[in-house]
Structures are given as structure tokens and as C-alpha cells.
Amino acid sequence: MAKINSNYQKLQAGYLFPEIGRRVRAFAAENPTAKILRLGIGDVVLPLPEPIISALKTAADEMSQKESFKGYGPEQGYDFLLQAVAAHYQSQGANVEADEVFISDGSKCDTANIQEIFATDNIIAVTDPVYPVYVDTNVMAGRTGAAENLGRYGKLVYLPTTAENGFDPPLPEGKVDIVYLCSPNNPTGAVMPRSSLEKWVRYAQANEAVILFDAAYEAFIREPGQVHSIYEIEGARDVAIEFRSLSKTAGFTGIRCAYTVVPKSLKAHNDKGELVAVHGLWLRRQTTKFNGVSYPIQKAAEAVFSPEGKKAVEDNIAYYMENARIIREGLAAAGFTVYGGVNAPYIWLKVPGGLTSWDFFDKLLREANVVGTPGAGFGSCGEGYFRLSAFGFRENVEEAVRRIKEV
Ligand code: MLT
């Protein structure tokens, strides 16, 4: 008889955002006239900027001509995009070569899949709260025990990342092999200071650990001097993989394009204790399981890095970050304790009145018709917190802040 992968049965609930969608749909069905404002899942609303759409259309036209039609592309990505990404890194003071870049259809997929190339007996550390994909994919792969108290999985090392430590992930007490870090952070909106990233790179060097660095929101950093790429830190090329996405940065949630950097100097041990370059394993994985992102989408992505594309993308980011300011300052003035929203499009607020985060979610939905994300969905340290996304039209964001204040 066929057997399932029983690790899936350890998963405690459905994926967070579909669960939120289910509750919102049920509410909308019962309250068809309610004007629901959605600041839950971080999904962009502004259309793709002109330089990007125009590159996409031109590439689509190329596909209609026999002289310029393209079939399968290179699995790692077209050279024009690899070069553009590497040049962008160089402009940010990070040394990344074009052949260390892997183009993909999203950072969710990449951060989910990367664990496949590492052994199942690695000790994994995650922050708490955490983007649920890092945890769930390790549960699926059998790297964890069952869910225990507080909903935490056995064998995973949790790093409480709380208001008390400034949302800066503390080093683990013992030795871990792989750690997921996300900066600017989803969900707390905090950005890791340079000193903290240096500490983490030293930890990884000393413990022969690998840092999986999710920088999907780096383009939202507003404060000068903050770190955009872990490769700005000396030694990071030997210990870190970095994930970046055009989803939020350039409005690609609907058309899908991201990139992951696996430096050639990053090595880890095989089961014989020999050092092996991780780059070749990821290349092997991608060439077996992935046929690449379509040519028109990669041309659109290339346009993101052109001078006109950069300007247009920056205008959209500035729009969302003004939303973030409106939410942060509006709620702070109303007496809420708020975090984030300065270098990230997420505002992390303390739930008032001792409610749980899911109670607050239901209350806001019912009484204000505003959708946010309950902090508990990101881990036990997220209980008592609530995430609001700055991805919305200005008038909806302003209206949501007004309604939340009334509640
Ligand atoms: C979020 O709201 O956390 C993100 O949109 C989820 C994602 O990027 O997968």
C-alpha cells in the first residue's frame, strides 16, 4: 500500500494566509455590503511600471516571430538578467558574480526548497516570530519532531525575537547548523543592524553553520547605512545564501520573478566529512526540478535594473512606505504600541486590551471590516501582536487607520 509522507501530519494548521482568506470569505458571505479593507497578506496593488510592462510586451512580441522565438531558456536564468543582478549587487557594495545568481519564480519557493540540499539531521534555528515557510518546509522534510507546547516543533531551535531584544535575533545557546534570518523582517518590520549581522557571520564561521538570509524586503530600507545584503559583511560569502524577490520590490507578485545567490566559496560537509561546494548542489537541484522563468518575465525583470526601471520602482516603494508611515504614526498617536514600518512595509503592533491576536483579528474584521495578520500565525512570540501590511491604495490605508482607531 502506498504510504504518505507522515511528516505532513505534524503540520498544525493550514498555511496562514489561506486560513485568513477563508475567514474573510466567510465574513464577506455573511456581510455582503461590508467594505472590507485588506492589509493582511503583503500583496502589491500598484500596476507594473511602464518601463517594465514595455519590456514585457516587447519580449512577448519577440516570441511571436520565428527569428526571435525562444523555447527552453537556461535553467539558472538568462545571462542578461544574471549580469544585471550582479551589477546591482556591486552597486550596493556586495561582491556577487553573475554565475552565482539563480533566477527563480519566487523567494517563497526558493526559501522553501533550499533545505532539500542539506542533510535531514542538521539542527535548524529559526526566529520566533518567523515567516512560516521556513518552519513548515523543515517539518515536511522530517527535520523536526512533533508540535509541542506553544505550537513549537521538537528539534527546531527557536530564537525569540521580541520587543525586549529590539527584534534582533539572539545567537543560539548551543551549536546549530543552519539558521534562517530575514532582514528587513517579515513580520516585525525590524532591520538587523550591521553589528548583529557581523556577529551572525562570525557565529557561522566558528560553527561551520550556513545562514539562509532572506532579503526579500531590502529595497524598502529607507535609513542610510543599513545593510541591504549579507554580502556587505566580510566573510559572508563563505557562510551565507541570500534570497531576494521582485514580488514586493517591483510589483511582481502576479508575474513571478526572484533570485537567489549561492556563492561559489560556500561549502558544507558531506556524510564522509569532506567539504563540498553548495553551489553545485543547488545548480543540480534546479536543473533537475525547474525549467526556469519565462523569457518575457526575465526581460521585464531586467528592466527593473535599468535607470528608468529603478526610478519607477522606487516611486512605488516610496508610495507604500508613505502608507507605512501613515499607519505607524496614526496608530501610535491613537495610543497603540507600534514597531516596524520604517525600513519595511510591515507594521507590527501590540494587541491592546489583553486580547489574543486571533481575537483581535476577528474583532477588527467584525467591527472595522479591516483584515490584518494575527501575530500568533508567525509563532508563539507573535502572540499578542498583529501585523498590518502597507501594500494598499492610499485611501484604503487612511480609511483603515481611521476605522481601527474607532475600534
Ligand atoms: C506575507 O504577507 O507575508 C507575504 O506576502 C507572503 C509571501 O510573500 O509569501
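Numbers here simply count residues along the sequence, with the first being 1. Just so we're clear, the structure is a prediction, and the values are computed from it rather than from any experiment. When a ligand or atom number is given, it counts from 1 through the structure's own listing order.
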Heavy-atom count check: over 12 atoms from other residues, nucleotides or ligands less than 6.0 Å from Arg194 CZ? yes
For Asp61, enumerate each residue passing the side chain to side chain donor-acceptor pair (under 3.5 Å) test, keeping only those at least two apart in sequence or located in another chain. none
So, for Ala368 and Val407, which heavy atoms are closest and what is the spacing to 0.1 Å? CB-CG2, 3.5 Å
Atoms in ligand 1 with a heavy atom of [X] nearer than 4.0 Å:
X: Gly42; result: 1 (C), 2 (O), 5 (O)
X: Ile41; result: 2 (O), 5 (O)
X: Asn186; result: 1 (C), 3 (O)
X: Tyr346; result: 1 (C), 2 (O), 3 (O), 4 (C)
X: Phe17; result: 1 (C), 2 (O), 3 (O), 6 (C)

Considering non-hydrogen atoms of the protein only, which is the closest contact for atom 9 (O) of ligand 1, and what is the distance? Tyr131 OH, 2.5 Å
To which protein heavy atom is atom 8 (O) of ligand 1 closest, and what is the distance rounded to 0.1 Å? Lys248 NZ, 3.0 Å
Going through the checks in order, is the salt bridge (Lys or Arg N to Asp or Glu O under 4.0 Å) test met by Asp99 and Lys264? CA-CA 9 Å; Asp99 62 358; Lys264 293 218 166 133; 2.5 Å; yes
Counting heavy atoms only, which part of Phe378 comes closer than 4.0 Å to ligand 1: side chain, backbone, both or neither? neither
Quick one: look at Thr373 and ligand 1, take heavy-atom pairs under 4.0 Å, and tell me if it's side chain, backbone, both or neither. neither
Tell me whether ligand 1 is touched by Asp43 - counting only heavy atoms on the residue side and a distance under 4.0 Å. no
Does anything in residues 369-388 form a salt bridge (charged side-chain N to carboxylate O under 4.0 Å, His left out)? List the pairs, not counting sequence neighbours. none
Check whether Tyr89 forms a cation-pi arrangement with Arg244 (NZ or CZ under 6.0 Å from the six-membered ring centre, at most 45° off the ring normal). yes
Salt-bridge criterion met for Arg222 and Glu314 (N-O under 4.0 Å): yes
